[in-house]
Structures are given as C-alpha cells and as structure tokens.
Amino acid sequence: MDSLALASGGETMASLLETPLSEAGSFDILSLISTASPGAVNFFTETVLKQLDRFESVEARIAVTGESVGGRSSFIDAIRNVPDNEAGACPAGGSVTEPTNYKFPSTNALQIWDLPAIGSPDFSAAEYLDHVAFHRFDAFLILSSDRFTENELLLAKAIQKRQKNVYLVRMESASDPLLPGGEQREASPNDGLKEQLPKVFLVTSWRPGSLGFEELLLDLAQDLSELKKRAFLFAVPCVTSKIEQAKKELMMNEIWKVAARPILVNMMPIPVLSDMCGMTQLVATLTSYRKAFGLDEDSRGRWAKRVGRKPEEFSSAVTSTFGLAVCVSAVKKQIAKAAQSGRILATLLNVVPVVGQMGSATLSYRHTLSMLEAAVGEMAQDSERLLQKVLPLK
Ligand SMILES: Nc1nc2c(ncn2[C@@H]2O[C@H](COP(=O)(O)OP(=O)(O)OP(=O)(O)O)[C@@H](O)[C@H]2O)c(=O)[nH]1
Ligand SMILES: [Mg+2]
C-alpha cells in the first residue's frame, strides 16, 4: 500500500481498497483520481480491476455431510432452489461414496458438495476428512434428522480443530411442504458433548423461508471471506426479505466499481486488449444481479415447480426494466434517462470531471452509477414482490 500513500488522494484510495465490500458505499472516484499521484492511481486501478474479475472466478465450496438419510439431498436442492426430479437435482436415496459436486443453476462461483454419509461403527473423523480432501472446502454442514450421533459430533470437533467453519443442522420434523413462517424451537446438541460445539440450526428443506433457514444462510455468509461471501449470497435463493436485502446491500456497495470500470481499464498503462467493452460488461453485471434476485425465467420456473404453482402466477411481481429483461438497448435507454433526470448520488454532487470522455458519452461514470443504483433498487422491489407470491407470509 506504500505506493498509495504519496498524495492525499492516495490515502483515500488506500482506505477505499481496504474497505470490506459490505461497507464500501459509493465514492467520488473521479475527484480521487484527479488528486492522487500516478503511482497511487495505477495501484488502485489494478486492484479494483482484479477484484472485479475475481467476482466471477472465485470458487466457494460448501460441504454437506452427516449420517445417511439425514436430509442432505433435499437440503442441497433447497439451497440451490432446484426442484425434485429436475436435471441436476440431487438424487434421493443411495448415499454417494465419493464427494459429489452439485452446481448452482445461476453461477459457477459457489459449489455445494454432497459428502459420503458417516456412521460406520469404526468411524474415524481424521480418516474421513482426509478421504474427502477437507482442505478444499470453506464450510461444512452436518445434517441430522434426529439427535446428533457421537460420530457426527466427533466430526464437528475434528473440523473445528482444522480451523474450518462447521454448522450443525437439525432437520425439523414438521411435514407441510413449503409452508412459510416456521417457528424456531430450541435445538440443543446431545448433552455431554455440548461444550465447544458449533451452533445448532433448526431447519427444514421444505420451508426455506423459515427463521432457521435464514439464520443458517446469513451466519454461513458472514463467516466466509469477502469475495466468497458475495458468491454465496448471490447464489442462494431469495427465501426471505433479509436475504434479499443482504444481496441488495452488496450490490449497492460495489456498483461504483462497476461504473468506474471503463475509466479504469482505459487508465491501465498497458491496454487490456481482451477486455469486454463497457456496455457488454454492464449487461453481464445486470444479468448476474437479475439472477441473484431470482427474477430470470429459469429461477421463476424453478420456484414454481418447487411450490407446485404455474410460473405465470408470478409474472405480475416483476415489473422493472431489468427485472423483465437485460439488453444493450435497455441499458443505453436507462443511462440516458438517468442523465436527463440529473439523478445522481448525493456523494457525487461535487464530482470533478478530470477524465475525458472514454468511449461512448452515455457511459459516463455518474450516469452509469445512477442507472445502476436505480436498477438495483427496482430489482430488489421486484424480488420482494416475487418472494411474497412464492412464499407468502401467513
Ligand atoms: N421432516 C423432514 N424430512 C426431511 C427433510 N429433508 C428430507 N427429509 C426426508 O428425509 C429422508 C431422507 O432425505 P434425503 O434428502 O434423501 O436424505 P440424504 O441424507 O440425502 O439420504 P441418503 O443420501 O440416502 O443418505 C426423505 O424421506 C426425506 O423426505 C426435512 O427438512 N424435514
Ligand atoms: Mg442423498
């Protein structure tokens, strides 16, 4: 960070780079660039561009384990919002003998793995963890439909000892498929082994909108590193308003980087030849946000199947421009609209336009940022309406 501390603008840039994604907010990037030294600007530019590239290339891996018939397959489908019997669904019955990766429909940045069931009388947690190559996983969920067995608790401790995150998940026995709400009951692990054990979550795959499911998703996300937390939260379905708000917050805090991208790419000492043009990048970002909010046809279709409804029944929930479709012409139109309305973020009112026009005039930083802010806000509203239709509160 030394090269950044050369000018006052450089110091602000350094602190910007160290700010977690979840707290970054929006910044007057153009005036910062105008006041920092060339060295600081170069370092800043490279760092932000690298981070943007890593949004898609990061791989977070969550492992699901436990005794056989503990509810792993059902949970793996619930957390991915994949209906039973759909291509890619985790087959019920017949535990896997090797760790098996199940992809999320909307992203490659998060993977969920079904691990072989544990529980033979001569179970060794150390051998089991070696066998599944535990190093590659960021978090472990131990699922149980009943009291946690001694082997499950031994495994939890062995995972903790290896400095990995582990969560005990007790599957709730209530049987109404996909009813909303869901009361959370006290769920305590077996007496005697209680000390130093991870928290227990009471969850049912049939009610992903319940408090226990939400709490598990939020805790899991919170314990991951910044980029993996983003990958996780973007990939999981919007099962509650809190989850949807967490996604919205991440997006609102990163859109300044997305908007600044074309400017930063142009400022690189060696031009990035293979870089997507600004408009293509914006379309890709908005498409990924639309999917993260579950507004695309695939996500809506999967919800419909999971709750036994027709996709058309959810159509009226989605009304925003980008909730309905993302395309170049809509992006251009919305940027032009933002430019006309002069709607800009409060933090950018005193922007200093030191950087000349980079490519199309409509891609100006302020207007792009304003467009993105409106787009995220409107898609979040779509997502909230969709949620109320898919998993209505009692
Ligand atoms: N009550 C309740 N039952 C569940 C839940 N999830 C799954 N089950 C039931 O538990 C049984 C096993 O579910 P699976 O999801 O196949 O469990 P599994 O751990 O993958 O099982 P194996 O792969 O055979 O070891 C099935 O009868 C499910 O219907 C849940 O959240 N609540
Ligand atoms: Mg299974």
Side-chain angles (χ1 to χ4, degrees), residues 61-105 111-121 123 125 128-129 131-132 137 139-156 159 166-189 199-217 219-220 236-237 239-240 243 302-303 305-308 390-391:
R61 297 188 195 93
I62 311 294
V64 182
T65 181
E67 302 275 0
S68 61
V69 205
R72 299 188 319 284
S73 296
S74 313
F75 179 83
I76 286 171
D77 286 347
I79 198 173
R80 296 181 305 148
N81 198 23
V82 170
D84 292 345
N85 307 321
E86 182 98 340
C90 188
S95 292
V96 292
T97 51
E98 292 299 325
T100 307
N101 176 13
Y102 289 93
K103 289 185 179 309
F104 276 73
Q111 302 172 4
I112 188 147
W113 289 66
D114 190 11
L115 300 192
I118 61 173
S120 59
F123 173 75
Y128 179 87
L129 288 173
H131 174 70
V132 300
F137 299 114
F140 291 80
L141 307 184
I142 302 182
L143 265 54
S144 172
S145 58
D146 208 335
R147 283 164 68 86
F148 289 98
T149 63
E150 202 169 321
N151 283 342
E152 285 169 330
L153 298 178
L154 285 173
L155 182 63
I159 296 168
V166 54
Y167 308 82
L168 293 175
V169 183
R170 169 85 54 86
M171 303 317 287
E172 206 180 336
S173 57
S175 55
D176 311 319
L178 280 166
L179 283 182
E183 288 149 35
Q184 202 174 15
R185 293 196 307 268
E186 182 74 19
S188 52
K199 193 168 161 184
V200 179
F201 296 84
L202 189 62
V203 163
T204 168
S205 301
W206 296 330
R207 287 206 304 268
S210 67
L211 280 179
F213 207 98
E214 174 190 270
E215 198 187 355
L216 174 64
L217 295 187
D219 273 33
L220 231 158
V236 297
V239 287
T240 66
I243 303 289
R302 280 184 273 109
W303 262 129
K305 278 192 190 159
R306 276 190 70 85
V307 297
V390 173
L391 300 174

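These values consider heavy atoms only, across backbone and side chains, with no hydrogens, waters or symmetry-generated copies. Not measured: the values here are computed from a predicted model. In listed order, ligands and their atoms are each counted from 1.
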Practice task
Quickly, which of V132, T100, T97 forms a side chain to side chain contact (heavy atoms under 4.5 Å, CB included) with P116? Name it, please.
Solution key: V132
Handout entry: Side chains of Y128 and L154 in contact at under 4.5 Å (non-hydrogen atoms)
Key = no
Would you check whether [X] has a nitrogen or oxygen atom less than 3.5 angstrom from a nitrogen or oxygen atom of ligand 1?
X: S68; result: no
X: F75; result: no
X: W206; result: no
X: G70; result: yes
X: A117; result: no

Handout entry: Non-hydrogen atoms of R306 and N81 that approach each other most closely
Key = CD-OD1, 3.0 Å
Exercise for the section: Heavy atoms only: give me the nearest D219-K199 pair and the separation to one decimal. Expected result: OD2-NZ, 3.2 Å
Within the 4.0 Å heavy-atom shell around [X], which atoms of ligand 1 are there?
X: S74; answer: 6 (N), 7 (C), 13 (O), 14 (P), 15 (O)
X: T204; answer: 30 (C), 31 (O), 32 (N)
X: M171; answer: 31 (O)

Exercise for the section: Take the angle between the ring planes of W113 and F137 and call it parallel below 30°, perpendicular above 60°, tilted in between. Expected result: perpendicular
Handout entry: Straight-line distance of R61 CZ to I112 CD1, nearest 0.5 Å
Key = 13.5 Å
Problem - Inter-residue atom distance R72.CZ - Y102.OH, 0.5 Å rounding - result: 9.5 Å
Practice task
Measure from the Mg ion (ligand 2) to each N, O or S atom of S73 and report whether any distance is below 2.8 Å.
Solution key: yes
